[in-house]
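See below for the structure under consideration.
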Amino acid sequence: MSKLESTKRHILIIKKLRQAKQATFAEIAGYLAKESELDGYYDFNVSKRTFQRDVEEIGTIYGIYIKFNFSGMYYFIEEEFEPEVSDRMFEAFDVYHALNVKEQMSQYIYLEQRRPQGTEHLYSLLHAIKNQKRIQFEYTKYYKTHSENRTVEPLALKEFKYRWYLFARDTYDDHIKCYALDRLANLQILNVHFENTDSDWHAKFKHCFGIVAPNAEKPSEVILSFNSLQGKYIKSLPLHHTQQILIDNEDELRISLTIYLTHDFLMELLSYGNTVKVLAPQKLAEELKEQYQSALNQY
DNA sequence: TTCAATGAGTGAGGCCAGTG
DNA sequence: CACTGGCCTCACTCATTGAA
């Protein structure tokens, strides 16, 4: 048996418990047996003793702690500290396996053509943020052909639309700026310490769509009405974590968001074309109207 | 009626031998 | 050599029992 077999088994155990919320050993064993049949190559059937070892290893390796409830006689996952991190880990694992299948599958898989996202910098940047060390890198802006040298104090990382961004204080003018990781090169961590005073970035981005966080204005209550087809997509992939469903019927999906009215958000609304109508605030509806009018004027 | 003692059932974990 | 299964002991929970 290979290392991959036990790793896959770990993932299956976690999957089962995350989906079912709770399961007896018999239910987990049944699930593993079914998955073994489906897989055809690997055998995930194990004894109770090995299962117990798996539970221990899953805790050590993934930080996901499986406990046993004696009154209900079932296993369950103790509240995960950062479930979104585990979600991402399992997604990556699924994709890796889909791409790594033994048979020649490339004819069935079409990968999106895209440039590297700069994720190779993530680890170094996290290290610099955590230890409050200045960093230096070469940065190429979209609208410029040559790169510039920057020395910044890294503060936080944010993901938006499958891209990663670094928020950092530029030592040149002391302003907080946003840098896309895919446009960053020759990253160096300097041995210069700084004090990171504003650390609550979660609160800062709570009502933010995208990567622009206005300093002064307050977030607005936005009400949007999508047609039923687009509504299905919006339900499965919410625009923002503040999204709440107000009306959901055959004619429309009406949602509310508490969000900053940034350029990013306006662009997002424009991309939905005639499938969305802004019901509130009026200011946003007017702005959208202007954008469409000026687009019409082009022809 | 209350509460401690007891036993049954089951998981956790150490140890060891078998297997590929 | 790593992984696994089986055996054994200990730990834990819960239901039952019986004395105060």
Side-chain angles (χ1 to χ4, degrees), chain A residues 1-112 114 116-131 133 157 159 162 164 181 187 189 202 236 241:
Chain A
M1 66 220 60
S2 68
K3 189 80 191 165
L4 194 57
E5 185 171 279
S6 57
T7 309
K8 273 190 134 186
R9 193 176 63 237
H10 290 166
I11 302 289
L12 287 173
I13 292 170
I14 299 166
K15 255 192 184 173
K16 170 71 183 169
L17 284 170
R18 289 183 114 214
Q19 278 165 9
K21 305 287 175 205
Q22 61 185 58
T24 62
F25 174 71
E27 285 165 345
I28 294 168
Y31 176 73
L32 292 176
K34 202 183 84 194
E35 287 295 322
S36 305
E37 250 177 67
L38 285 174
D39 191 278
Y41 182 77
Y42 290 115
D43 180 10
F44 304 120
N45 293 299
V46 281
S47 67
K48 186 164 240 174
R49 181 68 192 94
T50 302
F51 171 73
Q52 286 173 347
R53 271 190 282 252
D54 285 348
V55 165
E56 195 194 333
E57 279 176 33
I58 287 168
T60 320
I61 298 170
Y62 304 101
I64 294 173
Y65 299 99
I66 296 169
K67 302 281 173 191
F68 185 78
N69 180 315
F70 274 93
S71 7
M73 300 306 279
Y74 57 78
Y75 289 91
F76 66 99
I77 294 177
E78 214 177 38
E79 198 181 331
E80 290 178 61
F81 183 53
E82 286 181 294
E84 61 270 31
V85 174
S86 327
D87 281 341
R88 190 61 66 83
M89 185 168 68
F90 295 125
E91 260 176 40
F93 196 82
D94 285 341
V95 172
Y96 172 76
H97 279 288
L99 297 178
N100 203 27
V101 279
K102 292 215 156 33
E103 295 86 350
Q104 181 51 262
M105 293 295 225
S106 57
Q107 54 179 320
Y108 306 118
I109 297 175
Y110 299 91
L111 288 174
E112 193 181 356
R114 62 181 187 201
Q117 296 168 297
T119 46
E120 71 270 23
H121 301 308
L122 278 178
Y123 185 77
S124 308
L125 288 173
L126 271 175
H127 176 81
I129 291 169
K130 201 176 158 212
N131 295 294
K133 296 279 184 195
L157 289 163
E159 191 197 22
Y162 310 111
W164 281 93
L181 260 55
L187 174 68
I189 299 175
H202 277 288
S236 68
H241 66 270

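Quick caveat, the model's predicted, so the values are computed rather than measured. Quick note on labels: first sequence line is chain A, next is B, and so on, each numbered from 1.
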Check whether any side-chain heavy atom of [X] lies under 4.5 Å from a side-chain heavy atom of [Y], and answer yes or no.
X	Y	answer
A/I28	A/L17	yes
A/D54	A/R9	yes
A/I13	A/F44	no

Using atom [atom1] of [X] as one end and atom [atom2] of [N] as the other, report the distance to the nearest whole Å.
X	N	atom1	atom2	answer
A/E56	B/dG11	CD	P	17 Å
A/D54	C/dC3	CG	P	11 Å
A/M73	B/dT10	CE	C1'	5 Å
A/F76	B/dG11	CZ	P	14 Å

Would you say [N] has OP1 or OP2 under 4.0 Å from some side-chain N or O of [X]?
X	N	result
A/S47	C/dG5	yes
A/Q52	B/dG13	no
A/Y75	B/dT10	no

Counting only non-hydrogen atoms, which of residues 26-33 of chain A are less than 4.0 Å from DNA chain C?
none

Need one value for A/V46: base, sugar-phosphate or nothing, where a base atom within 4.0 Å counts as base even if backbone is also close, heavy atoms only.
sugar-phosphate

Show the nearest heavy-atom pair for residues [X] and [Y], with the distance to one decimal.
X	Y	result
A/Y75	A/T24	CD1-C, 4.4 Å
A/L181	A/H121	O-CD2, 3.8 Å
A/K133	A/I189	CB-CG2, 3.8 Å
A/Q22	A/E27	O-OE1, 4.3 Å

Just jot down the ring pair (Phe, Tyr, Trp, His ring centres under 6.0 Å) partners of A/Y74, sequence neighbours excluded, or say none.
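Partners of A/Y74 by the ring pair (Phe, Tyr, Trp, His ring centres under 6.0 Å) criterion come out as none, since no residue qualifies.
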
5' priority, DNA chain B, between A/R53 and A/K48 [closest heavy atom]
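That would be A/K48.
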
What pairs of nitrogen or oxygen atoms, one from the protein and one from nucleotides 7-15 of chain C, lie under 3.5 Å apart?
unit_1: C/dC14; atom_1: OP1; unit_2: A/S71; atom_2: OG; d: 2.8

Which distance, rounded to the nearest 0.5 Å, do you find between the CZ of A/F76 and the NZ of A/K67?
8.0 Å

